[in-house]
Colleague: 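Got a structure for you, questions after.
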Amino acid sequence: MSFDDHEPPRSWRAQDPLRTDLSGEWAFHISAQPTMAPGGASDPAFDDSQWDRIPVPSHWVLVGEKFGRPIYTNVQYPIPLDPPHVPDDNPTGDYRRWFEVPEYGEGDRVLLRCDGIESFASISVNGKHAGTFVGSRLPMEFDITDLLVEGTNLLHLRVHQWSAQTYVEDQDQWWLPGIFREVSLVVRPEAGITDYWLRADYDPATGEGAIIPELDASESAFPISLRVPELGVVHTWQAPADVAPISVGEVTPWSADRPRLYGATLTNAIDEIPLRLGFRRVEVRGRHWLVNGQKLRLRGVNRHEFHPDKGRVFDPEDARAGLLLMKQHNINAVRTSHYPPHPALLDLCDELGLWVIDECDIETHGFVGVPGLTNPSDDPAWRENYLDRARRMVERDKNHPCIISWSLGNESATGSNLAAMAAWIKGRDPERPVHYEGDHEGSYTDMVSQMYTPLRAMIDLSEGRGHAMTDRPAQAQRLMERPMILCEYEHAMGNGPGALAEYEELFETLDQWHGGFIWEWRDHGLRTRTAEGTEFFGYGGDFGEVVHDGSFICDGLVLADGTPSPALADLAAVFSPVVMTVEANRLHVHNRHHALGLDHLQFRWTREIGGQCAAEGILDVAVPANERGVLELPAEALDASGSEVHLTVTAALRADTPWAEAGHVVARTQIRLDTPAAASPLPRPSQGPAHGAGLVQVGPAALRAVDGRLERLGSIAVTASHVELWRAPTENDRIGGTFSYESADPELTGGYGVDAPPTASRWRGAGLDRLSSRTISVSDHDGRFEVIQRLLPAQGTAGAEAAFRWQSEGEAVLATLEITPIGALAQSSWPRIGWHLALPLGYESVEWFGSGPNEAYADTGDGNWIGRFRLPIDAMTTRYAVPQETGHRPGLRWAEISGPNLPTLRIETVGSHLPGITVARHDAHTVTAAAHPHELPTPTATHVYLDAAQHGIGSRACGPDVLPKYQLWPGSTSFTVRLSHD
């Protein structure tokens, strides 16, 4: 592959009056093989009137099924691993478009710019070859001046889905061929400014800025002037030899939490380039990565370019909405996994304030572990290919202050070609550090980067020991003196991830660690329909792929349609730039902003009794960036008189910002002020059980005399009432053969656990999905009705014994459930310990006092607090791409489940053990059986689960298991609730 037929790469201009966008409808023809592509298609005389029409930019497999269908793979290639060759069956799209030549003068050049094509294109103008495009997500420009004719011209692109480039673009994503970014004509005047780099440096010692210019322009382009009105800069360079740095005096530096940009223009006699300068300095000093002299803290996400209808076609409104959502949830950094994004995204990151690691368009994951193949990363034949991609990334994006590091790519092993990329980047841009996770020797990058590293291993790395990167003590000691990040961690697949707070604690306390990037921002479900027309978001296997990797493409904090998952609220709480705690009548405040004080926030305290406001007030908080402060709380705020008294302190925006409105809550803390009353014995029953007609009446509860099953609660029919130990497996329960913490103490394995079957497989092996009950006894005892049952699986001897005890209390009934494990149970944790009730259809909403507003489990729910909440039942659960356990709210004090023309069911916790509640349209076993939400049947009941406990969530789908302290192992437990209805 030759790389000398395209123009030298240069900066992307957000505004260029000499650019003509060729987006729109093009003639299009698809062929199954290159040899079947229409001959003469590049000839202007060719008749394409019978061809289809397709929008550009787009992916042809998302335009219509007759053009093919998308394919999802994670590591494996969807073609034979036969580099550099590809199969004969290679979908080939021919694109044709007529265009008018823009005006240009003598000596000017007309360039054809292609910003994104997957994966290889041969380009011709008026039947003559203009160039070949490779490197799907990076721009190329071709000089077509000599190929143009007066009037109308023909542009023809022949795009092949598979090419040699496929082998270095294996990036855990949909394979989506076509022209998916803009194609445009750009006139480059002979006396214009070809390229520019204005490094806006900031000296943290003096607070002063400097502009360090680099101009690519001919002698005839001078004089060139720079204007920065806010700084009073009006400077002209008369000739290339005059170009030198400019001191601009004191400036406000750019940072993610204070993205100060200065408008500027770069002009000459015929060219004008509008710019936005952000002054900042990036440095690595020993084990610290600094921006503007302050240690960097990355609270980031990995972001693929994705839209559920358009694939990787850039949608400006959708992209802005996504970044606003990030900012609103305290995310301050983006890793552009695993290729440079559309350049307009970086403009948005400059404007809104997000640190960016810009990643090159390289991944060869499918080569890993395959014997007999040389990875392209260490194959000299690929050297220029790798270097060309590095040049195109850096030159396109070099002017963005948001970019604080260049990344060589992802999961491409290691080798001399990556080292050559790093050397070129460091020579071109000595300021920004070079990142690449696969450089485990630290031989050509500037930081230690890890993926899915467990907590124990993070500590080991920071102490220069352990096998997280190397078993050589000297090497470990050398690496511990470098900055460390997790470029991927906490795999956000389905319900979860768990233990976010534990990771954040280590980032805050271990000196080398600078944070990391959650995998990942958004589910990549593609909007599609069943044969019957039902809409759903498809994943791997839904499009007839020969090989695929299933739902692994749906692993985001945001669902495919842009809906935040509950995990995003947890992340906002953990990532908050302000951390508050109440200790000894004082509010302790840690301002974790990089550069901002707290003047932009209003601190408010609220004292609630039983979830209702009893008093509130404003606090005067002033803590500089990166410092801590303490202030006395008013006595009124600390008044503990009452029952269920909670003090909540919030920090919210005082005024509107570009990313959120005034009143948006940035941080929250809450403590309980009163001491919970000690558990007291249950009162005597108001009356004893009444037997008759096969039923036992205990207050409003009607139970079957033969087995004690609840039939009715007053006028509410109950169609199911039984102990449930099963939950619909989460993706973390269902996936993962490594990182098991159930089979080995993580502290004894460096945090890595051991290889073991997925947790859900262990649960099934224990028969927890198929328990059968046998009633041992039903009896009246001391005015109560008692039912003892034994639950065991087929061919099993281990399970649980359940005791239900019912007693009347006026118009209500008290129900106590006590669970005791039986048999040899230590081989498996339990999913849950709960009581399942099936109520009639028609219930529509839930109001509750307890943990909310979102679902929460043993190791999630950082974004929740104790209060009163109300939601429709359909909003009580999350519509994950794969149906799974969802909707659990722990710490229940009381709940009311209501619906039109139905009695309202009230559930109140009695005693100190607060159960959790789930209210859903489908039961756990029905949810387990469905692979997509649309496969869930029409609901037949309203399902209520009261859980004494649930197993944690973890992130074992790709990462560590549930931490031992959050695992649910068989044990005796009980809780009591009061049931009544209006």
Colleague: Got a sec, which residues hit side chain to side chain donor-acceptor pair (under 3.5 Å) with N591, two or more places apart in sequence or on another chain?
Modeller: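 Side chain to side chain donor-acceptor pair (under 3.5 Å) list for N591, sorted by chain: H593.
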
Colleague: Looking at R628, I'd like to know if its CZ atom is crowded, meaning that more than 12 non-hydrogen atoms belonging to other residues, nucleotides or ligands lie closer than 6.0 Å.
Modeller: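 Open: at most 12 neighbouring heavy atoms sit under 6.0 Å from CZ of R628.
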
Colleague: Please determine whether a side-chain nitrogen of the Lys or Arg among R456 and E502 lies less than 4.0 Å from a carboxylate oxygen of the Asp or Glu.
Modeller: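 So R456 does not pair with E502 through a salt bridge.
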
Colleague: What pairs of residues pass the side-chain hydrogen bond (donor to acceptor under 3.5 Å, both in side chains) test when at least one of them lies in residues 570-583, not counting sequence neighbours?
Modeller: none

Colleague: Going by ring pair (Phe, Tyr, Trp, His ring centres under 6.0 Å), name the residues that satisfy it together with W521, two or more places apart in sequence or in a different chain.
Modeller: none

Colleague: Applying side chain to side chain donor-acceptor pair (under 3.5 Å), can you list everything that pairs with T749, at least two apart in sequence or on another chain?
Modeller: none

Colleague: Less than 4.0 angstrom from a charged side-chain N to a carboxylate O is my criterion; do E504 and R592 meet it?
Modeller: yes

Colleague: Mind jotting down which residue pairs meet the salt bridge (charged side-chain N to carboxylate O under 4.0 Å, His left out) criterion with at least one end in residues 725-736? Sequence neighbours excluded, please.
Modeller: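 Those involving residues 725-736 are R727-D733, E731-R734.
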
Colleague: For L914, enumerate each residue passing the side chain to side chain contact (heavy atoms under 4.5 Å, CB included) test, keeping only those at least two apart in sequence or located in another chain.
Modeller: R893, T909

Colleague: Using the test side chain to side chain contact (heavy atoms under 4.5 Å, CB included), find all partners of D874 that sit at least two apart in sequence or belong to another chain.
Modeller: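 D874 satisfies side chain to side chain contact (heavy atoms under 4.5 Å, CB included) with R921 once adjacent residues are dropped.
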
Colleague: If you count the non-hydrogen atoms of other residues, nucleotides and ligands that lie under 6.0 Å from CZ in R770, is the total more than 12?
Modeller: yes

Colleague: Salt-bridge test for E908 and R906: reply yes if a basic N is under 4.0 Å from a carboxylate O, no otherwise.
Modeller: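 Salt bridge flag = yes for R906 with E908.
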
Colleague: Residues in side chain to side chain contact (heavy atoms under 4.5 Å, CB included) with E818, at least two apart?
Modeller: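 By the side chain to side chain contact (heavy atoms under 4.5 Å, CB included) rule, E818 matches A803, R805, T820, S974.
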
Colleague: Assess the residue pair E724 and W726 against the criterion (side chain to side chain donor-acceptor pair (under 3.5 Å)); give the C-alpha distance rounded to whole Å, side-chain angles, the decisive distance to 0.1 Å, and a yes or no.
Modeller: CA-CA 6 Å; E724 183 63 81; W726 180 252; over 6 Å; no

Colleague: Which pairs pass salt bridge (charged side-chain N to carboxylate O under 4.0 Å, His left out) with one or both residues in residues 945-957, sequence neighbours excluded?
Modeller: R832-D947

Colleague: Does any part of the side chain of W865, heavy atoms only, come nearer than 4.5 Å to the side chain of P853, both counted from C-beta?
Modeller: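 Of all side-chain heavy-atom pairs linking W865 with P853, at least one is under 4.5 Å.
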
Colleague: Test of understanding: with side chain to side chain donor-acceptor pair (under 3.5 Å), list the residues that count as partners of S462, not counting sequence neighbours.
Modeller: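 Listed in chain order: nothing, the list is empty.
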
Colleague: Just jot down the side chain to side chain donor-acceptor pair (under 3.5 Å) partners of T926, sequence neighbours excluded, or say none.
Modeller: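 Expected list: D923.
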
Colleague: Partners of T877 by side chain to side chain contact (heavy atoms under 4.5 Å, CB included), sequence neighbours excluded?
Modeller: T886, A920

